[in-house]
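Just so we're on the same page: letters track the sequence lines, and every chain starts at 1. Computation of the quantities below employed the complete heavy-atom set of this structure, encompassing side-chain atoms and omitting hydrogens, waters and symmetry-equivalent molecules. Predicted, not measured: the structure shown is a model, and the values here were computed from it.
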There are 2 protein chains.
Amino acid sequence: MTTQSRATLADVARLAGVSSKTVSRVFAEAGNVSADTREQVLVAAKRLRFRPNNLARSLRRGGVTNTVAFVIGDLTNPFYFHVAAGIERELALRGLTMVLATTDDSPDSEERVVDALISQRVRALLLIPIADDQSYLEGERQLGTPVVSVDRPARNLLADSVVLQNRLGMAEAVRSLTAIGHRKIGFISNPSAMYTQRERLAGYREALREVGVVETAQWERLDDDPDISPELAVQSLLDLPDSPTAIVAGNNRGSAGAVRVLRNLKPPVAFIGFDDFELADALGISVVAYDTMELGRTAARLALDHLADPGAFTQQIEIPTRLIHRGSGEILPPR
Amino acid sequence: MTTQSRATLADVARLAGVSSKTVSRVFAEAGNVSADTREQVLVAAKRLRFRPNNLARSLRRGGVTNTVAFVIGDLTNPFYFHVAAGIERELALRGLTMVLATTDDSPDSEERVVDALISQRVRALLLIPIADDQSYLEGERQLGTPVVSVDRPARNLLADSVVLQNRLGMAEAVRSLTAIGHRKIGFISNPSAMYTQRERLAGYREALREVGVVETAQWERLDDDPDISPELAVQSLLDLPDSPTAIVAGNNRGSAGAVRVLRNLKPPVAFIGFDDFELADALGISVVAYDTMELGRTAARLALDHLADPGAFTQQIEIPTRLIHRGSGEILPPR
DNA sequence: ACAGATTTAGACAACGCTGACATTTGTGTT
DNA sequence: AACACAAATGTCAGCGTTGTCTAAATCTGT
């Protein structure tokens, strides 16, 4: 249990009989080291189990680290994780590592968490904005840290952003329902992600307006109350005197709820969800899908581009969505 | 676009008219600073948008950082990210952040990835071992970095570990099938996670042996070939002349495949999966479940304990599993 | 064989912070 | 008013690395 201390450049240098700068050159792959010395240094390093200290290196280099932060609201949503996976992959290609931080969906903690990350001198900041004001990041951005806003645009901050084709995707879904005769279409969503839900709602209304349906309030379930489960929202739609013949969900939580309620319903109700999910194919659930990992990859790429060219213009990228027909969205309205 | 440089302790000190040590005391919350000076320092810091440099701090403090690494094989498996969520939560309570690194399920890259993390002086290392030898971590462990092996024990390394009750959980599942008369029970699994699958297979065989069934090879599908999808494995069982009346799956991938094939089968085949999954309740799929987040939380806690008391004994913790009856596991064998 | 170019190696300081220690200022006691 | 003692503040060096600069060793071509 001897807790010896860690070997440093100097220790290796002493053992190899060279200067610490030479050891540094070997490990920084800076060249100009003869094959012989190089070999000796490596042997000594291995003997001492030497690992270069990245803290010191980053400090010396002016605070440039190899880590990029991804700030997330809530880790338990599989959506975020796929995004994270995409980010991680893209970063790994450039030898960067990802640190993951969560704000527990609390707007207050966002700035605290981000502050802590800045203290760690992350190279870039990717975040899913929760708070309704990201202006606190303006200074950081000016200092050259790329900030990329994921899934929703940042507020009061000029930053790159990657979002989905929310409005269009949802409009397409609803259009596919109106095309086969549906007019009474319910919309359920949980609005924790305000921006995306608002956009999707707009797409829903837009598509209905195209076929002359303007009064949609009665079919919209956007309860703020987290206690109102998607299941209840769906049920409340079915309980309406003039109940919908089709339902669309604004996100995967809604889909899961809808699936539970709608399965084995006597006169079947058509359904299309936003966000694909595991087994949706087996269940025959039509969804508006998109490449979640690509969302992450694109975000990472934007950050990396900005790192490479700090003067680059800010970009807003939209990830395309596509409607996948699996049956539940093709159910005809009862005659 | 002025890329000014970042403010340092010294800058703040100058503006506030105090020494940099005083500023340091304010930010390190080290006390012994009068309310007045404290206030002035904070004002100056805010004006300069000062953020303490954690790199320098960690370096000065002897390489003690606030980050804990979690090394994962493949981010896309929902299992891993629930574990990660648990870890993140537990760490956040102690003000630590999690860095996530993946090895792409490649044994070769494991050591490289871990090396890089050590260079970053992570405070502790949690990993899901992929390579079949973790002895390369021995030095690190001796240097005082807690190493916790998650989901499988480490090999050739004395480290804490948290695993599931694999054998018992699977044995219980199979016993519940034999109890209602099943004798011909198929086992499918993809062996990317060798250890867990071996254990679960052992549990399966054990339970069958208890009722006198010893020859099980024909019903085991453990193909190494990643091209053989779980769907095909299930199908091949059904195609047997003496086909099983029940099937158990060694992991969630297998369950997903089984669900696809088994749904709407004429004489229904009983099924129990290992690992719970979204909508399993709606689909009526019986599973061996456990608290995935707890797995992560426990791992993090082990690491933190070791950090608090470096001399603590290594522990092997088993997370309990429980069989959830939802219908698919209660299907009786055809008479 | 020799000047000049090039490659290899080392000395030194500094990145931003804090621990150890020194010094100043404030408070309470008699 | 003089003293002991605690609180507030400052000085300085060094954590492990690398950029800059300089010196020595080695390689060119004629």
Side-chain angles (χ1 to χ4, degrees), chain A residues 4-42 44-45 48-66 115-116 118-123 143-144, chain B residues 4-42 44-45 48-66 115-116 118-123 143-144:
Chain A
Q4 334 128 46
S5 71
R6 230 175 276 268
T8 70
L9 276 186
D11 298 327
V12 178
R14 208 168 306 121
L15 184 59
V18 298
S19 82
S20 62
K21 178 72 226 221
T22 299
V23 182
S24 163
R25 276 193 264 255
V26 170
F27 280 91
E29 282 159 19
N32 283 353
V33 181
S34 78
D36 278 2
T37 16
R38 196 188 143 74
E39 202 50 40
Q40 286 176 19
V41 167
L42 289 177
L48 297 177
R49 286 213 187 90
F50 170 74
R51 298 267 174 274
N53 185 330
N54 253 334
L55 293 170
R57 176 179 290 185
S58 293
L59 175 62
R60 183 57 238 259
R61 287 185 175 166
V64 178
T65 62
N66 293 318
D115 259 21
I118 293 176
S119 279
Q120 297 192 34
R121 297 296 187 266
V122 293
R123 195 93 170 269
L143 251 33
Chain B
Q4 334 130 47
S5 70
R6 231 174 273 268
T8 69
L9 275 188
D11 299 326
V12 178
R14 209 169 304 121
L15 183 60
V18 297
S19 83
S20 62
K21 179 72 227 224
T22 299
V23 181
S24 162
R25 276 193 265 255
V26 170
F27 280 92
E29 282 158 21
N32 283 352
V33 181
S34 78
D36 278 2
T37 15
R38 197 188 141 74
E39 201 52 40
Q40 287 176 18
V41 167
L42 288 177
L48 296 177
R49 287 215 185 88
F50 170 74
R51 297 267 174 278
N53 186 329
N54 253 333
L55 293 170
R57 176 179 290 187
S58 294
L59 176 60
R60 182 59 239 257
R61 289 187 174 165
V64 177
T65 62
N66 294 317
D115 259 21
I118 293 176
S119 280
Q120 299 192 32
R121 297 298 187 263
V122 293
R123 196 94 169 271
L143 252 31

Checklist outcome for this item: Walking DNA chain D from its 5' end, the first of Thr22(B) and Ser20(A) to be reached, judged by nearest nucleotide, is Thr22(B)
Checklist entry - Quick one: is Thr8(A) getting a side-chain N or O under 4.0 Å of the dG16(D) phosphate, OP1 or OP2? => result no
Checklist entry - If you measure from CD1 on Ile118(B) to CG on Leu143(B), what distance do you get to the nearest 0.5 Å? => result 9.0 Å
Checklist entry - So do Arg25(A) and Arg38(A) actually touch side chain to side chain, heavy atoms under 4.5 Å? => result no
Next on the checklist: If I take atom CZ from residue Arg60(A) and atom CG from residue Asn53(A), how far apart are they, to the nearest 0.5 angstrom?
Outcome noted: 14.5 Å
Checklist entry - Ignoring hydrogens and geometry, is there a side-chain-to-backbone donor-acceptor pair from Ser119(B) to Pro52(A) under 3.5 Å? => result yes
Checklist outcome for this item: Separation of dC17(C) atom C1' from Gln120(A) atom CD, nearest Å, is 15 Å
Item to check | Minimum heavy-atom distance Leu55(B)-Leu55(A), with the two atoms named | outcome: CD2-CD2, 3.8 Å
Item to check | Rounded distance in Å - CG (Asp36(A)) to P (dT7(C)) | outcome: 18 Å
Checklist entry - Between residues 50-59 of chain A and DNA chain C, which residues have a heavy-atom gap below 4.0 Å? => result Leu59(A)
Item to check | Rounded distance (Å) that lies between atom P of dC17(C) and atom CZ of Arg6(B) | outcome: 11 Å
Checklist entry - Which is true for Ser24(A) with a 4.0 Å heavy-atom rule: it touches a base, it touches only sugar-phosphate, or it touches nothing? => result base
Item to check | Heavy-atom closest contact (Phe50(B) atom, Leu9(B) atom, distance) | outcome: CE1-N, 3.5 Å
Item to check | Spacing of Arg38(A) atom CZ relative to dA9(C) atom P, expressed in whole Å | outcome: 12 Å
Next on the checklist: Measuring to OP1 and OP2 of dA8(D), would you say a side-chain N or O of Thr37(B) lies under 4.0 angstrom away?
Outcome noted: no
Next on the checklist: At less than 4.0 Å, is any side-chain N or O atom of Ser34(A) found next to OP1 or OP2 of dA9(C)? Yes or no.
Outcome noted: yes
Next on the checklist: Using whole Å, what does the distance between atom C1' of nucleotide dA14(C) and atom CG of Leu9(B) come to?
Outcome noted: 15 Å
Checklist entry - Taking all atoms of both residues into account, what is the closest heavy-atom pair of Arg51(A) and Arg121(B), and its distance? => result O-NH2, 3.1 Å
Checklist entry - Atom OG1 in Thr37(B), atom CD in Glu39(B): separation rounded to 0.5 Å? => result 10.0 Å
Next on the checklist: Below the 4.0 Å mark, does dA8(D) have OP1 or OP2 next to a side-chain nitrogen or oxygen of Asn32(B)?
Outcome noted: yes
Checklist entry - Roughly how far apart are Ser58(B) OG and Gln120(B) CD, rounded to 0.5 Å? => result 11.5 Å
Checklist entry - Reading nucleotides 19-24 of chain D from the 5' end, what letters show protein touch, with B for base, S for backbone sugar-phosphate only, - for no heavy atom under 4.0 Å? => result BB----
